[in-house]
Amino acid sequence: MSSHHPALVILTGAGISAESGLPTFRGAGGLWEGHRVEDVATPEAFARDPELVLRFYDARRQALARVAPNPAHFALARLEAAWQGPFLLITQNVDDLHERAGSRKLLHMHGELVRVRCVRCGLNERLEGPLAGRACPRCGARPGLRPDVVWFGEIPYSLDEIEAALARCALFVAIGTSGEVYPAAGFVDEARAHGAHTIELNLEPSRISARFAEHRFGPASRIVPAWVEELLARG
Ligand code: BJW
(Lines give C-alpha, C1' and ligand atoms only; values in the text may rest on other atoms or scores of the structure.)
Protein backbone atom coordinates (compact mmCIF):
# COMPACT_ATOMS: atom_id res chain seq x y z
CA MET A 1 0.00 0.00 0.00
CA SER A 2 1.35 3.44 -0.91
CA SER A 3 2.00 5.96 1.83
CA HIS A 4 1.00 8.77 -0.53
CA HIS A 5 -2.71 8.74 0.07
CA PRO A 6 -4.04 12.31 -0.33
CA ALA A 7 -6.02 14.08 2.39
CA LEU A 8 -9.57 12.78 2.16
CA VAL A 9 -12.81 14.26 3.51
CA ILE A 10 -16.10 12.39 3.16
CA LEU A 11 -19.52 13.90 3.91
CA THR A 12 -22.48 11.57 4.37
CA GLY A 13 -26.23 12.23 4.53
CA ALA A 14 -29.44 10.30 5.05
CA GLY A 15 -29.06 8.41 1.75
CA ILE A 16 -26.27 6.23 3.15
CA SER A 17 -28.60 4.89 5.85
CA ALA A 18 -31.70 4.52 3.64
CA GLU A 19 -30.97 0.90 2.76
CA SER A 20 -30.53 0.12 6.46
CA GLY A 21 -34.21 1.04 6.83
CA LEU A 22 -33.95 4.63 8.11
CA PRO A 23 -36.06 6.98 5.98
CA THR A 24 -34.51 10.06 4.36
CA PHE A 25 -35.87 13.54 5.11
CA ARG A 26 -36.97 14.71 1.71
CA GLY A 27 -38.70 13.10 -1.22
CA ALA A 28 -41.27 10.31 -1.22
CA GLY A 29 -41.66 8.62 2.16
CA GLY A 30 -39.73 11.46 3.83
CA LEU A 31 -39.44 11.46 7.56
CA TRP A 32 -41.87 14.07 8.83
CA GLU A 33 -44.88 12.89 6.84
CA GLY A 34 -47.24 15.78 6.28
CA HIS A 35 -44.70 18.29 7.60
CA ARG A 36 -41.76 20.00 6.00
CA VAL A 37 -38.69 19.14 8.05
CA GLU A 38 -37.82 22.85 8.01
CA ASP A 39 -41.05 23.57 9.92
CA VAL A 40 -40.63 21.03 12.68
CA ALA A 41 -36.90 20.46 13.28
CA THR A 42 -36.59 23.81 15.05
CA PRO A 43 -36.18 25.05 18.64
CA GLU A 44 -39.50 26.92 18.14
CA ALA A 45 -41.39 23.68 17.40
CA PHE A 46 -39.90 22.16 20.57
CA ALA A 47 -40.90 25.19 22.66
CA ARG A 48 -44.46 25.05 21.22
CA ASP A 49 -45.08 21.32 21.75
CA PRO A 50 -42.17 19.55 23.46
CA GLU A 51 -44.01 16.27 24.05
CA LEU A 52 -44.87 15.92 20.33
CA VAL A 53 -41.25 16.50 19.35
CA LEU A 54 -39.97 14.15 22.08
CA ARG A 55 -42.35 11.37 21.03
CA PHE A 56 -41.10 11.70 17.46
CA TYR A 57 -37.48 11.43 18.58
CA ASP A 58 -38.30 8.55 20.97
CA ALA A 59 -39.62 6.59 17.97
CA ARG A 60 -36.41 7.30 16.05
CA ARG A 61 -34.23 6.41 19.06
CA GLN A 62 -36.06 3.08 19.33
CA ALA A 63 -35.72 2.45 15.59
CA LEU A 64 -31.91 2.48 15.95
CA ALA A 65 -32.11 -0.84 17.81
CA ARG A 66 -33.87 -2.46 14.85
CA VAL A 67 -31.44 -1.42 12.11
CA ALA A 68 -27.86 -2.33 11.23
CA PRO A 69 -25.08 -0.79 9.12
CA ASN A 70 -25.18 -1.67 5.42
CA PRO A 71 -22.29 -2.37 3.00
CA ALA A 72 -21.77 1.37 2.40
CA HIS A 73 -21.08 2.05 6.11
CA PHE A 74 -18.74 -0.95 6.29
CA ALA A 75 -16.88 0.13 3.14
CA LEU A 76 -16.13 3.57 4.66
CA ALA A 77 -14.83 1.94 7.86
CA ARG A 78 -12.61 -0.30 5.71
CA LEU A 79 -11.37 2.74 3.80
CA GLU A 80 -10.50 4.58 7.02
CA ALA A 81 -8.52 1.57 8.29
CA ALA A 82 -6.55 1.29 5.04
CA TRP A 83 -6.03 5.01 4.34
CA GLN A 84 -2.55 6.25 5.17
CA GLY A 85 -3.13 9.95 4.58
CA PRO A 86 -5.31 12.36 6.57
CA PHE A 87 -8.89 11.11 6.74
CA LEU A 88 -12.10 12.63 8.10
CA LEU A 89 -15.66 11.35 7.87
CA ILE A 90 -18.27 14.05 8.50
CA THR A 91 -21.83 12.86 8.85
CA GLN A 92 -25.01 14.90 8.93
CA ASN A 93 -26.77 11.79 10.21
CA VAL A 94 -27.87 11.50 13.82
CA ASP A 95 -27.92 7.67 13.69
CA ASP A 96 -24.96 5.63 14.98
CA LEU A 97 -24.51 3.32 11.99
CA HIS A 98 -21.06 4.65 11.03
CA GLU A 99 -19.60 3.89 14.46
CA ARG A 100 -21.34 0.53 14.58
CA ALA A 101 -19.65 -0.30 11.25
CA GLY A 102 -16.25 0.61 12.74
CA SER A 103 -15.66 4.25 11.71
CA ARG A 104 -13.62 6.19 14.27
CA LYS A 105 -12.42 9.46 12.66
CA LEU A 106 -16.00 10.67 12.57
CA LEU A 107 -17.76 13.96 13.34
CA HIS A 108 -21.53 14.16 13.85
CA MET A 109 -22.12 17.74 12.70
CA HIS A 110 -25.91 17.54 13.36
CA GLY A 111 -25.59 15.72 16.69
CA GLU A 112 -26.50 12.21 17.83
CA LEU A 113 -29.83 10.55 18.63
CA VAL A 114 -28.28 8.52 21.47
CA ARG A 115 -27.34 11.68 23.40
CA VAL A 116 -29.53 14.19 25.24
CA ARG A 117 -29.17 17.76 26.42
CA CYS A 118 -31.04 19.60 29.16
CA VAL A 119 -32.24 23.04 28.09
CA ARG A 120 -32.16 24.23 31.71
CA CYS A 121 -28.92 22.90 33.26
CA GLY A 122 -26.87 22.05 30.15
CA LEU A 123 -26.47 18.33 30.94
CA ASN A 124 -25.15 16.59 27.80
CA GLU A 125 -24.72 12.82 27.90
CA ARG A 126 -25.72 9.46 26.44
CA LEU A 127 -29.07 8.41 27.86
CA GLU A 128 -31.19 5.37 27.04
CA GLY A 129 -34.97 5.04 27.17
CA PRO A 130 -37.88 7.33 26.29
CA LEU A 131 -37.54 11.12 26.76
CA ALA A 132 -41.24 12.13 26.62
CA GLY A 133 -42.55 12.90 30.11
CA ARG A 134 -39.12 12.35 31.68
CA ALA A 135 -37.40 14.77 34.06
CA CYS A 136 -33.75 15.76 33.65
CA PRO A 137 -31.75 13.29 35.80
CA ARG A 138 -29.53 16.16 37.06
CA CYS A 139 -31.78 19.19 37.67
CA GLY A 140 -35.28 17.68 37.54
CA ALA A 141 -36.57 20.04 34.79
CA ARG A 142 -39.60 18.65 32.90
CA PRO A 143 -39.65 19.23 30.04
CA GLY A 144 -35.92 19.90 30.09
CA LEU A 145 -34.40 17.02 28.15
CA ARG A 146 -34.16 17.29 24.39
CA PRO A 147 -32.27 15.14 21.87
CA ASP A 148 -28.71 16.35 21.27
CA VAL A 149 -29.41 17.11 17.62
CA VAL A 150 -28.93 20.32 15.62
CA TRP A 151 -32.16 21.94 14.53
CA PHE A 152 -32.64 24.73 11.97
CA GLY A 153 -31.29 28.01 13.27
CA GLU A 154 -28.79 26.24 15.55
CA ILE A 155 -25.09 26.10 14.86
CA PRO A 156 -23.77 22.71 13.73
CA TYR A 157 -21.03 21.00 15.74
CA SER A 158 -17.29 20.88 14.99
CA LEU A 159 -17.33 23.58 12.30
CA ASP A 160 -13.77 24.76 13.07
CA GLU A 161 -12.38 21.24 12.68
CA ILE A 162 -14.43 20.75 9.50
CA GLU A 163 -13.23 24.04 7.96
CA ALA A 164 -9.62 23.09 8.68
CA ALA A 165 -10.04 19.65 7.08
CA LEU A 166 -11.74 21.12 3.99
CA ALA A 167 -8.94 23.65 3.59
CA ARG A 168 -6.29 20.93 3.38
CA CYS A 169 -8.15 18.11 1.60
CA ALA A 170 -7.22 16.92 -1.88
CA LEU A 171 -10.30 14.75 -2.34
CA PHE A 172 -13.84 15.58 -1.15
CA VAL A 173 -16.63 13.04 -1.53
CA ALA A 174 -20.32 13.59 -0.69
CA ILE A 175 -22.52 10.51 -0.28
CA GLY A 176 -26.33 10.38 -0.12
CA THR A 177 -27.08 13.99 0.67
CA SER A 178 -29.53 16.28 -1.14
CA GLY A 179 -27.54 19.50 -0.82
CA GLU A 180 -30.62 21.27 0.56
CA VAL A 181 -29.18 22.12 3.97
CA TYR A 182 -26.38 24.58 4.76
CA PRO A 183 -23.60 24.85 5.78
CA ALA A 184 -23.02 21.19 4.69
CA ALA A 185 -24.25 21.92 1.15
CA GLY A 186 -21.46 24.49 0.78
CA PHE A 187 -18.59 22.16 1.74
CA VAL A 188 -18.06 21.12 -1.89
CA ASP A 189 -17.42 24.77 -2.83
CA GLU A 190 -14.91 25.20 0.00
CA ALA A 191 -13.06 22.01 -0.97
CA ARG A 192 -12.99 23.06 -4.62
CA ALA A 193 -11.77 26.53 -3.74
CA HIS A 194 -8.80 24.88 -2.07
CA GLY A 195 -8.09 22.77 -5.17
CA ALA A 196 -9.66 19.44 -4.14
CA HIS A 197 -11.09 16.95 -6.60
CA THR A 198 -14.79 16.46 -5.78
CA ILE A 199 -17.03 13.41 -6.25
CA GLU A 200 -20.76 12.98 -5.62
CA LEU A 201 -22.13 9.50 -4.87
CA ASN A 202 -25.92 9.56 -4.83
CA LEU A 203 -28.98 7.63 -5.91
CA GLU A 204 -29.74 10.36 -8.43
CA PRO A 205 -28.51 13.88 -9.25
CA SER A 206 -28.99 16.27 -6.33
CA ARG A 207 -29.69 19.98 -6.22
CA ILE A 208 -25.93 20.66 -6.11
CA SER A 209 -24.66 17.99 -8.55
CA ALA A 210 -23.29 20.58 -10.97
CA ARG A 211 -20.78 21.72 -8.35
CA PHE A 212 -19.00 18.33 -8.30
CA ALA A 213 -16.32 17.39 -10.81
CA GLU A 214 -17.26 13.69 -10.89
CA HIS A 215 -20.43 11.69 -10.22
CA ARG A 216 -21.53 8.09 -9.59
CA PHE A 217 -25.25 7.40 -9.38
CA GLY A 218 -26.90 4.34 -7.83
CA PRO A 219 -27.78 2.90 -4.40
CA ALA A 220 -25.11 3.57 -1.77
CA SER A 221 -24.82 -0.12 -0.80
CA ARG A 222 -23.54 -0.80 -4.32
CA ILE A 223 -21.68 2.32 -5.45
CA VAL A 224 -19.83 3.13 -2.20
CA PRO A 225 -18.11 -0.29 -1.82
CA ALA A 226 -17.26 -0.23 -5.56
CA TRP A 227 -15.72 3.25 -5.27
CA VAL A 228 -13.76 2.28 -2.13
CA GLU A 229 -12.33 -0.85 -3.79
CA GLU A 230 -11.35 1.20 -6.83
CA LEU A 231 -9.67 3.88 -4.72
CA LEU A 232 -7.72 1.38 -2.62
CA ALA A 233 -6.71 -0.66 -5.68
CA ARG A 234 -5.06 2.48 -7.09
CA GLY A 235 -2.66 2.25 -4.13
C1 BJW B 1 -29.63 7.79 -1.60
C2 BJW B 1 -30.29 6.60 -1.33
C3 BJW B 1 -29.54 5.44 -1.49
C4 BJW B 1 -31.71 8.17 -1.02
N5 BJW B 1 -28.27 5.51 -1.85
N6 BJW B 1 -28.36 7.84 -1.97
C7 BJW B 1 -29.67 29.99 2.84
C8 BJW B 1 -28.33 29.77 2.63
C9 BJW B 1 -27.56 29.19 3.62
C10 BJW B 1 -28.12 28.77 4.81
C11 BJW B 1 -29.46 28.99 5.01
C12 BJW B 1 -30.21 29.61 4.06
N13 BJW B 1 -31.46 29.70 4.55
C14 BJW B 1 -31.50 29.12 5.77
C15 BJW B 1 -30.29 28.68 6.07
C16 BJW B 1 -29.88 27.97 7.27
C17 BJW B 1 -30.41 26.54 7.39
C18 BJW B 1 -30.65 25.91 6.03
O19 BJW B 1 -29.78 25.31 5.42
N20 BJW B 1 -31.87 25.97 5.53
C21 BJW B 1 -32.19 25.40 4.20
C22 BJW B 1 -33.51 24.68 4.29
C23 BJW B 1 -32.09 26.49 3.17
N24 BJW B 1 -29.39 25.81 8.10
C25 BJW B 1 -29.32 25.81 9.43
O26 BJW B 1 -30.13 26.39 10.12
C27 BJW B 1 -28.13 25.13 10.03
N28 BJW B 1 -27.48 26.01 10.92
C29 BJW B 1 -26.92 27.15 10.49
O30 BJW B 1 -26.93 27.49 9.32
O31 BJW B 1 -26.33 27.86 11.51
C32 BJW B 1 -25.82 29.15 11.20
C33 BJW B 1 -24.34 29.11 11.01
C34 BJW B 1 -23.74 28.16 10.21
C35 BJW B 1 -22.37 28.17 10.03
C36 BJW B 1 -21.62 29.11 10.66
C37 BJW B 1 -22.22 30.04 11.48
C38 BJW B 1 -23.60 30.04 11.64
C39 BJW B 1 -28.57 23.91 10.86
C40 BJW B 1 -29.12 22.83 10.00
C41 BJW B 1 -29.67 21.70 10.88
C42 BJW B 1 -30.26 20.57 10.06
N43 BJW B 1 -30.93 19.66 10.94
C44 BJW B 1 -31.53 18.43 10.38
C45 BJW B 1 -32.30 17.70 11.49
C46 BJW B 1 -31.33 17.00 12.45
C47 BJW B 1 -32.08 16.25 13.54
C48 BJW B 1 -32.93 15.13 13.00
O49 BJW B 1 -32.41 14.23 12.32
O50 BJW B 1 -34.12 15.12 13.29
O51 BJW B 1 -30.52 17.61 9.81
S52 BJW B 1 -32.62 18.77 9.00
C53 BJW B 1 -32.19 17.32 8.09
O54 BJW B 1 -31.58 17.72 6.84
C55 BJW B 1 -31.09 16.62 8.91
C56 BJW B 1 -30.12 16.23 7.84
O57 BJW B 1 -28.83 16.00 8.39
C58 BJW B 1 -30.17 17.37 6.87
C59 BJW B 1 -29.68 17.04 5.49
O60 BJW B 1 -30.48 16.08 4.89
P61 BJW B 1 -29.84 14.98 3.95
O62 BJW B 1 -28.96 14.09 4.75
O63 BJW B 1 -29.24 15.60 2.77
O64 BJW B 1 -31.14 14.10 3.58
P65 BJW B 1 -32.22 14.33 2.41
O66 BJW B 1 -33.41 13.54 2.76
O67 BJW B 1 -32.42 15.77 2.13
O68 BJW B 1 -31.53 13.70 1.10
C69 BJW B 1 -31.23 12.33 1.00
C70 BJW B 1 -30.39 12.09 -0.25
O71 BJW B 1 -30.03 10.71 -0.30
C72 BJW B 1 -31.08 12.43 -1.56
O73 BJW B 1 -30.17 13.16 -2.39
C74 BJW B 1 -31.38 11.05 -2.18
O75 BJW B 1 -31.28 11.06 -3.60
C76 BJW B 1 -30.27 10.22 -1.59
N77 BJW B 1 -30.58 8.81 -1.44
N78 BJW B 1 -31.62 6.89 -1.03
C79 BJW B 1 -27.73 6.74 -2.11
N80 BJW B 1 -30.12 4.23 -1.29
Side-chain angles (χ1 to χ4, degrees), residues 10-33 35-46 52-61 63-64 67 69-73 75-76 90-98 107-117 131 146-163 166 173-190 199-209 211-212 215-227:
I10 300 174
L11 171 71
T12 62
I16 197 166
S17 296
E19 291 162 86
S20 291
L22 296 176
T24 61
F25 293 90
R26 298 168 183 85
L31 197 55
W32 292 83
E33 279 163 24
H35 300 277
R36 286 191 334 137
V37 66
E38 290 78 5
D39 293 336
V40 283
T42 65
E44 293 75 22
F46 181 65
L52 176 80
V53 173
L54 290 176
R55 281 199 303 277
F56 171 76
Y57 280 96
D58 280 345
R60 290 177 61 203
R61 282 160 58 90
L64 284 186
V67 298
N70 69 53
H73 298 101
L76 294 186
I90 305 163
T91 188
Q92 298 169 83
N93 299 343
V94 297
D95 67 56
D96 58 356
L97 295 180
H98 281 305
L107 296 176
H108 275 278
M109 66 175 291
H110 290 163
E112 296 175 67
L113 271 180
V114 295
R115 299 183 68 86
V116 297
R117 273 194 268 155
L131 304 180
R146 55 163 282 183
D148 186 20
V149 302
V150 178
W151 286 324
F152 286 103
E154 298 182 323
I155 300 193
Y157 289 129
S158 308
L159 289 179
D160 289 347
E161 205 176 328
I162 291 171
E163 295 300 322
L166 291 171
V173 183
I175 303 173
T177 178
S178 61
E180 299 275 350
V181 175
Y182 287 83
F187 291 171
V188 58
D189 304 318
E190 291 179 51
I199 311 178
E200 176 180 57
L201 306 181
N202 204 323
L203 190 59
E204 56 196 11
S206 71
R207 169 187 282 258
I208 58 168
S209 283
R211 303 197 214 152
F212 290 83
H215 310 86
R216 313 260 172 112
F217 297 120
S221 67
R222 179 168 58 79
I223 62 174
V224 175
W227 168 72

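Whatever order the structure lists them in is the order used to number ligands and atoms, beginning at 1.
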Worked verdict on Asp148 versus Glu112 for side-chain contact (heavy atoms from CB on, under 4.5 Å)
CA-CA 6 Å; Asp148 186 20; Glu112 296 175 67; 5.7 Å; no

Near Gly153, which atoms of ligand 1 are under 4.0 Å from a heavy atom of that residue?
25 (C), 26 (O)

Counting C-beta onward and ignoring hydrogens, is there a side-chain heavy-atom pair between Met109 and Val150 closer than 4.5 Å?
no

Give the atom numbers and elements of ligand 1 that come within less than 4.0 Å of a heavy atom of Trp151.
39 (C), 41 (C)

Would you tell me which option among Val94, Asp148, Asn202 has the nearest heavy-atom contact to atom 74 (C) of ligand 1?
Asn202

Using a strict cut-off of 4.0 Å, indicate which atoms of ligand 1 neighbour a heavy atom of Tyr57.
47 (C), 48 (C), 50 (O)

If we ignore hydrogens and angles and just use 3.5 Å, is the side chain of Arg117 paired with the main-chain N or O of Val149 as donor and acceptor?
yes

For Phe217, give me all partners under ring-ring contact (aromatic ring centres under 6.0 Å, His included), at least two apart in sequence or on another chain.
His215

Val181 neighbourhood, listing ligand 1 atoms whose heavy-atom distance to it stays under 4.0 Å
19 (O), 40 (C), 42 (C), 54 (O), 58 (C), 59 (C)

Return the set of residues passing ring-ring contact (aromatic ring centres under 6.0 Å, His included) with His108 (not counting sequence neighbours), or none when no residue passes.
none

Checking contacts here: is it the side chain or the backbone of Ala14 that comes within 4.0 Å of ligand 1, counting heavy atoms only? Could be both or neither.
both

Do Ile162 and Glu190 have side chains that approach each other closer than 4.5 Å (heavy atoms only, starting at C-beta)?
no

Distance filter under 4.0 Å to Ala18 heavy atoms, resulting ligand 1 atoms:
78 (N)

Of all the heavy atoms in Arg60, does at least one lie under 4.0 Å from an atom in ligand 1?
yes

Considering the heavy atoms of Gly13, write down every atom of ligand 1 situated less than 4.0 Å from one of them.
62 (O)

Nearest heavy-atom approach of Pro147 to Trp151 is CG-CZ2, 4.0 Å

Proximity to ligand 1 by part of Leu203, non-hydrogen separation under 4.0 Å:
both

Atom pair CG (Leu11) and CG (Asn93), whose distance is rounded to the nearest 0.5 Å:
9.0 Å

To check you understand the geometry: which heavy-atom pair defines the closest contact between Asn70 and Ser17, and what is its length?
ND2-CA, 4.3 Å

Can you check whether Trp227 reaches Ile199 side chain to side chain, under 4.5 Å on heavy atoms?
yes

Among Phe217, Tyr182, Phe56, the residue with a heavy atom nearest to atom 30 (O) of ligand 1 is Tyr182

If the cut-off is 4.0 Å to any non-hydrogen atom of Gly176, which atoms of ligand 1 fall inside it?
6 (N), 69 (C), 70 (C), 71 (O)

Hey, looking at atom 4 (C) of ligand 1, which of Gly15, Pro23, Pro183 has the closest heavy atom?
Gly15

Test applied, side-chain hydrogen bond (donor to acceptor under 3.5 Å, both in side chains); reference residue, Ser206; option that passes from Glu180, Glu200, Arg211:
Glu200

Atom indices of ligand 1, in the order listed, that fall short of 4.0 Å to a heavy atom of Glu204
75 (O)

Which is it for Glu19 and ligand 1 at heavy atoms under 4.0 Å: side chain, backbone, both or neither?
side chain

Does Pro156 approach ligand 1 within less than 4.0 angstrom via side chain, backbone, both or neither, non-hydrogen atoms only?
side chain

Nearest non-hydrogen atom to atom 45 (C) of ligand 1 belongs to which of Ile175, Val150, Thr12, Ile223?
Val150

Using a 4.0 Å heavy-atom threshold (strictly under), name the region of Leu159 that reaches ligand 1: side chain, backbone, both or neither.
side chain

For atom 60 (O) of ligand 1, which candidate among Glu180, Glu163, Arg26 provides the closest heavy atom?
Arg26

On a heavy-atom basis, which atom in Ser20 and which in Pro69 lie closest, and how many Å separate them?
OG-C, 3.8 Å

